[in-house]
Amino acid sequence: MDHHFVGIPELTGVPRVAVVIDVMRAFTVAAWAFSRGVESIVLAATESEALGLKESHSGWLALKDGPPAAGFDAVNSPGLLRSRDVAGRTLVQKTTAGTVGALAVADAPLVLCASFVVAGPTARFLRARESGPVTFVVTGEGGRADEDLACAEYIGRSMAGGDVEAAPYLHRARNSRAAADLAGGLRSGYHPDDVDLCLEIDRFPFTMVARQEESLTVLRPVAVP
């Protein structure tokens, strides 16, 4: 199937089906948040918008890239989020790449956000819907991030059915520049387990669908058998 792999700067028009990939770390963090009981994730365009949404909605939490900052409740790290009590809450997420990519295709009829931890369910969801060619939005490094491209290619191959060996794709991701930066402590808001957590294939049994709800782009989990 002739899928398309593009960076955010290369997006033109509105794709029919978009899968936005951010392995390290936005959509690994989002999946962990849902596994911890978060009900929905609102994707914000700016940090000020994230804080404004939190302040105007009682009980909402805000998360950002980088080090802890005033007003934000969490940072973009699966290792730091996995022990948080966030059950029943709405999380507002603003990151450098993942949320930017999702918002860039928010008007598409179907938008999924993915990483390795939900790769298999995402492929099965698309296969069950008999989705045609998918536009994979590779968010890192202007579309060149090998961890995101590897995940996108794995999902694309898996959509065809049959067994696809995950190990070569995970190997590419582990040897990516993003993984090296995380392991070397070059990114703020980091837990030593983050790289390993980002490379757990199919840890969670759901895909993540982004829809327009009133004026917001809202991400929710959808269970996949």
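FYI, side chains are in, hydrogens and waters are out, and symmetry mates aren't considered; it's all heavy atoms of this structure. Since the structure is predicted, the reported quantities are computational estimates derived from the model, not experimental observations. Sequential numbering from 1 along the given sequence is applied to the chain's residues.
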Any side-chain heavy-atom pair of [X] and [Y] under 4.5 Å:
X    : Y    : value
E55  : W60  : no
V100 : I8   : yes
V118 : D202 : no
V42  : V218 : yes
V105 : T135 : no
F206 : F125 : no
I41  : F34  : yes
L149 : F5   : yes

Specify the closest pair of heavy atoms between [X] and [Y], including all atoms of both residues, with the distance to one decimal.
X    : Y    : result
I201 : A166 : CG1-CB, 4.1 Å
A123 : S158 : CB-CB, 3.6 Å
A26  : G98  : CB-CA, 4.1 Å
A173 : A179 : O-CB, 3.5 Å
A74  : L81  : CB-CD1, 4.4 Å
A114 : I155 : CB-CD1, 3.9 Å

### Message
Would T217 and Q212 count as a side-chain contact (heavy atoms from CB on, under 4.5 Å) here? Give the steps.
### Response
CA-CA 5 Å; T217 302; Q212 297 299 106; 2.7 Å; yes
Separation between [atom1] of [X] and [atom2] of [Y], rounded to the nearest 0.5 Å:
X    : Y    : atom1 : atom2 : answer
T96  : K64  : OG1   : NZ    : 8.5 Å
L219 : L91  : CG    : CG    : 10.0 Å
F204 : T28  : CZ    : OG1   : 8.5 Å
S77  : L182 : OG    : CG    : 8.5 Å
L199 : S115 : CG    : OG    : 9.5 Å
S131 : L126 : OG    : CG    : 4.5 Å

Are [X] and [Y] joined in one hydrophobic group, where the rule is that I, L, V, M, F, W and Y side chains link up if heavy atoms are under 4.5 Å apart?
X    : Y    : result
W32  : V38  : yes
L43  : V14  : no
V224 : V17  : yes
L11  : V111 : yes
L80  : L61  : no

### Message
Is there a ring pair (Phe, Tyr, Trp, His ring centres under 6.0 Å) between H3 and F136? Walk through the geometry before answering.
### Response
CA-CA 7 Å; H3 303 306; F136 287 95; 5.6 Å; yes
Considering only NZ, NE, NH1 and NH2 on the basic side and carboxylate oxygens on the acidic side, decide whether [X] and [Y] come within less than 4.0 Å.
X    : Y    : result
E141 : R144 : no
D73  : R84  : no
E49  : K94  : no
R172 : E153 : yes
D85  : R36  : no

Strictly distance-based, threshold 3.5 Å: is any side-chain N or O of [X] a donor or acceptor partner for the main-chain N or O of [Y]?
X    : Y    : value
D194 : H191 : yes
R16  : V134 : no
E147 : M24  : no
H57  : L53  : yes

### Task
Could you give me the CA-CA distance, side-chain angles and deciding distance for V209 and R220, then say whether side-chain contact (heavy atoms from CB on, under 4.5 Å) is met?
CA-CA 6 Å; V209 181; R220 295 185 186 274; 5.9 Å; no
### Task
Indicate whether the side chain of T95 and that of N76 have a donor and an acceptor atom separated by less than 3.5 Å.
no
### Query
With no hydrogens and no angle check, do the side chains of Y190 and R25 hold a donor and an acceptor under 3.5 Å apart?
no
### Task
Mind running side-chain contact (heavy atoms from CB on, under 4.5 Å) on V117 and F27 for me, showing each step along the way?
CA-CA 9 Å; V117 296; F27 298 138; over 6 Å; no
### Query
Taking everything shown except R82 itself, do over 12 heavy atoms lie less than 6.0 Å from its CZ?
yes
### Neighbour count above 12 (heavy atom, 6.0 Å) for R177 CZ
no
### Contact list for residues 104-132, test salt bridge (charged side-chain N to carboxylate O under 4.0 Å, His left out), sequence neighbours left out
none
### Task
Under the side-chain contact (heavy atoms from CB on, under 4.5 Å) rule, what do F116 and Y169 come out as? Steps first, then yes or no, please.
CA-CA 9 Å; F116 279 112; Y169 300 93; 4.2 Å; yes
